[in-house]
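The structure presented is a predicted model; accordingly, all values stated were derived computationally and were not measured. Only this structure's heavy atoms are used, side chains among them; waters, hydrogens and symmetry mates stay out. The first residue of the sequence shown is numbered 1, and numbering continues consecutively from there.
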Amino acid sequence: MHIHGGYRVLVAALLLALGVGSAPAATMQIINGDAEGEGLNDRTSVAPVGGNDGDTRGEQRRIALQYAADILGSRLDSAVPIRIAVRFDTLSCSATRASLGQTAPAQFAAGFADAARPDTLYPAALANALAGRRVAAGTSDIDATFNAALDGEDGCLGGRRWYYGLDRDPGAGEIDFIGTVLHELIHGLGFISLVALTDGRSADAGQFPRVADGRRLPDIYSRFVKDLSVAGQPSWPQMSDAERADSLDNGPDLVWADDNTANGAAFLDSGLNQGYVRLHAPSPVVAGSSIAHWADALAPDQLMEPVLSARAEGRNGLGLATCALEAMGWTLINGARCPDFARPRSSAA
């Protein structure tokens with residue numbers, strides 16, 4: 001089954017204290033989708049910044065993009081290279097709010113031999129990793145777009161610009177590109193729900209997507225979504241379409257119900273409900289943001305929140321994101337764990 005993304009992810013500046021220790025176990029292949037002279041091929045001359053010695057804006061973008069992809073790849077096991085189609089384009093941006101990027105799995109697959117749940121849609125990269133071969137057709141596994149307006153448009157976020165340094169140390173008025181790429185690629189690896197958030201031509205709110213044989217199948221991410229306010233506290237696949245639709249904006253009661261993640265979340269000072277990590281489920285529903293993020297109530301801030309605060313430094317590395325990836329079926333390697341900390345967390349919040 002082929003389902004395109006279109007999920008818009010809002011992320012503020014963050015500083016990730018991660019590094020690339022060895023060659024990535026999961027090979028992350030960047031597919032340049034930009035035309036000559038644009039985006040990743042932008043020939044504008046720039047000065048080196050933060051360890052990124054690219055001579056042009058396009059080269060610096062390519063270097064930073066691969067650096068971020070390798071950070072993530074170094075923590076995941078996959079014998080099948082993960083193909084990431086990337087381009088820069090002008091996305092929505094005002095003086096106070098911007099879509100920094102929009103990323104999703106390019107395809108989903110179900111019913112392959114090594115699927116732990118045969119009646120479940122898996123993102124292409126994970127399906128390939130589990131099967132040890134390509135089970136989803138197409139030229140890419142992840143489709144990602146980043147906002148080119150953050151490199152020069154005065155009206156975009158008050159003139160703030162991308163920071164392409166490899167030291168992940170943006171200055172005032174800069175947005176860390178590497179941290180944003182990590183957030184986006186984690187969506188592409190499966191941190192995203194396929195439940196319809198609003199009524200559309202192919203689905204009503206609360207419905208899972210329909211596959212070729214006419215069935216509607218849940219995605220692997222949604223199998224871990226639970227509504228604690230509903231009698232029996234069912235997971236989303238156990239609920240009716242109407243119940244899921246009512247659940248979409250159920251705030252603190254919508255959680256990620258995985259015991260391993262709950263154990264890993266013990267360091268959180270806030271953002272839990274009955275020991276489970278809360279998901280972003282505001283009222284009204286926000287297309288491209290609801291469900292596919294941790295709640296912004298988590299403290300300390302986590303990489304996969306919808307809008308990270310200015311104080312979010314990412315000192316916890318990938319944090320709880322590795323817990324969710326592991327629950328969905330990804331194998332963590334090279335010392336990555338649930339949660340993934342770049343260095344021991346101090347006792348201070």
Requested in this report: Please examine the side chains of Arg75 and Asn334, heavy atoms only from C-beta on, and report whether any two atoms are closer than 4.5 Å.
Outcome: no
Query - Partners meeting side chain to side chain donor-acceptor pair (under 3.5 Å) with Gln233 (sequence neighbours left out) - result: Gln274
Query - Rounded distance (nearest 0.5 Å) linking atom CG of Asn41 with atom OG1 of Thr56 - result: 8.5 Å
Query raised in the report: Do any pairs count as a disulfide bond (SG atoms under 2.5 Å apart) and have a residue in residues 66-155, sequence neighbours left out, and if so which ones?
Result: Cys93-Cys156
Query - Shortest non-hydrogen separation from Ala292 to Tyr221 and the atoms involved - result: CA-OH, 3.7 Å
Query raised in the report: Just by modelled atom types, is the Ser222 backbone N or O under 3.5 Å from a matching donor or acceptor in the Ser193 side chain?
Result: no
**Report entry** Non-hydrogen atoms of Asn147 and Leu91 that approach each other most closely
**Finding:** OD1-N, 3.0 Å
Query - Note: Glu36-Arg43 ion pair, threshold 4.0 Å (strictly below) - result: yes
Query - Asp89 vs Thr145, side-chain hydrogen bond (donor to acceptor under 3.5 Å, both in side chains): CA-CA, chis, key distance, verdict - result: CA-CA 7 Å; Asp89 203 351; Thr145 302; over 6 Å; no
Query - Under 3.5 Å donor-acceptor, Asn128 side chain and Val135 backbone - result: yes
Query raised in the report: Do we see a donor-acceptor contact under 3.5 Å between the side chains of Arg223 and Thr120?
Result: yes
**Report entry** Donor-acceptor contact below 3.5 Å, side chain Asp143 vs main chain Ala106
**Finding:** no
Query raised in the report: Under 6.0 Å between ring centres, would you say that holds for Trp162 and Phe88?
Result: no
Query raised in the report: side chain to side chain contact (heavy atoms under 4.5 Å, CB included) with Pro118: which residues, sequence neighbours excluded?
Result: none
Query raised in the report: Between Trp236 and Arg244, which heavy-atom pair has the shortest distance, and what is it?
Result: O-NH1, 2.8 Å
Query raised in the report: What pairs with Asp55 under side chain to side chain donor-acceptor pair (under 3.5 Å), at least two apart in sequence or on another chain?
Result: none
**Report entry** Short side-chain donor-acceptor distance under 3.5 Å, Trp256 and Thr261
**Finding:** yes
Requested in this report: Could I get the full list of side chain to side chain contact (heavy atoms under 4.5 Å, CB included) partners for Thr331, not counting sequence neighbours?
Outcome: Asp77, Ile333
Query raised in the report: Are any side-chain N or O atoms of Ser270 and backbone N or O atoms of Ala297, one a donor and one an acceptor, separated by less than 3.5 Å?
Result: yes
Query raised in the report: Residues in salt bridge (charged side-chain N to carboxylate O under 4.0 Å, His left out) with Arg83, at least two apart?
Result: Asp141
Query - Distance flag, aromatic centroids of Phe177 and Tyr164, threshold under 6.0 Å - result: yes
Query - Asp253 side chain to Asn273 side chain, donor-acceptor N/O pair below 3.5 angstrom - result: yes
Requested in this report: Measure from the side-chain N and O atoms of His293 to the backbone N and O of Met304, and report whether any donor-acceptor pair falls under 3.5 Å.
Outcome: no
Query raised in the report: Going by atom types alone, do Ser247 and Asp227 pair a side-chain donor with an acceptor below 3.5 Å?
Result: yes
Query raised in the report: Do the side chain of Arg278 and the main chain of Ala295 share a donor and acceptor less than 3.5 angstrom apart?
Result: no
Report task. Tell me, please, which residues at least two apart from Thr44 pass side chain to side chain contact (heavy atoms under 4.5 Å, CB included). Result -> Asp42, Arg57
**Report entry** Minimal non-hydrogen separation, Asp269 against Pro300, with atom names
**Finding:** OD2-CD, 4.1 Å
**Report entry** Nearest heavy-atom neighbours spanning Gly50 and Tyr163
**Finding:** CA-OH, 3.6 Å
Requested in this report: Taking Ser290 for its side chain and Ala287 for its backbone only, find out whether a donor-acceptor pair lies under 3.5 Å.
Outcome: no
Query raised in the report: If every non-hydrogen atom of Val277 is compared with every non-hydrogen atom of Ala265, which pair is closest and at what distance?
Result: CG2-CB, 3.6 Å
**Report entry** Pair Phe191 and Trp294, ring centroids less than 6.0 Å apart
**Finding:** yes
Query raised in the report: Is there a donor-acceptor pair closer than 3.5 Å between any side-chain N or O of Glu243 and the backbone N or O of Ser240?
Result: yes
Report task. Could you name each residue pair satisfying disulfide bond (SG atoms under 2.5 Å apart) that touches residues 202-254, not counting sequence neighbours? Result -> none
Report task. Using atom types as modelled and distance alone, determine if a side-chain donor or acceptor of Asp219 lies under 3.5 Å from a backbone N or O of Leu194. Result -> yes
Query raised in the report: Cluster partners of Ile31, using ILVMFWY side-chain heavy atoms under 4.5 angstrom, listed by chain and number?
Result: none
Query - Remaining members of the apolar cluster that contains Tyr276, side-chain heavy atoms under 4.5 Å - result: Leu228, Val255
Report task. Just jot down the side chain to side chain donor-acceptor pair (under 3.5 Å) partners of Ser283, sequence neighbours excluded, or say none. Result -> Asp249
Requested in this report: Sequence neighbours left out, what passes side chain to side chain contact (heavy atoms under 4.5 Å, CB included) with Ala203? Give chain and number order.
Outcome: Ala196, Gln207, Arg216
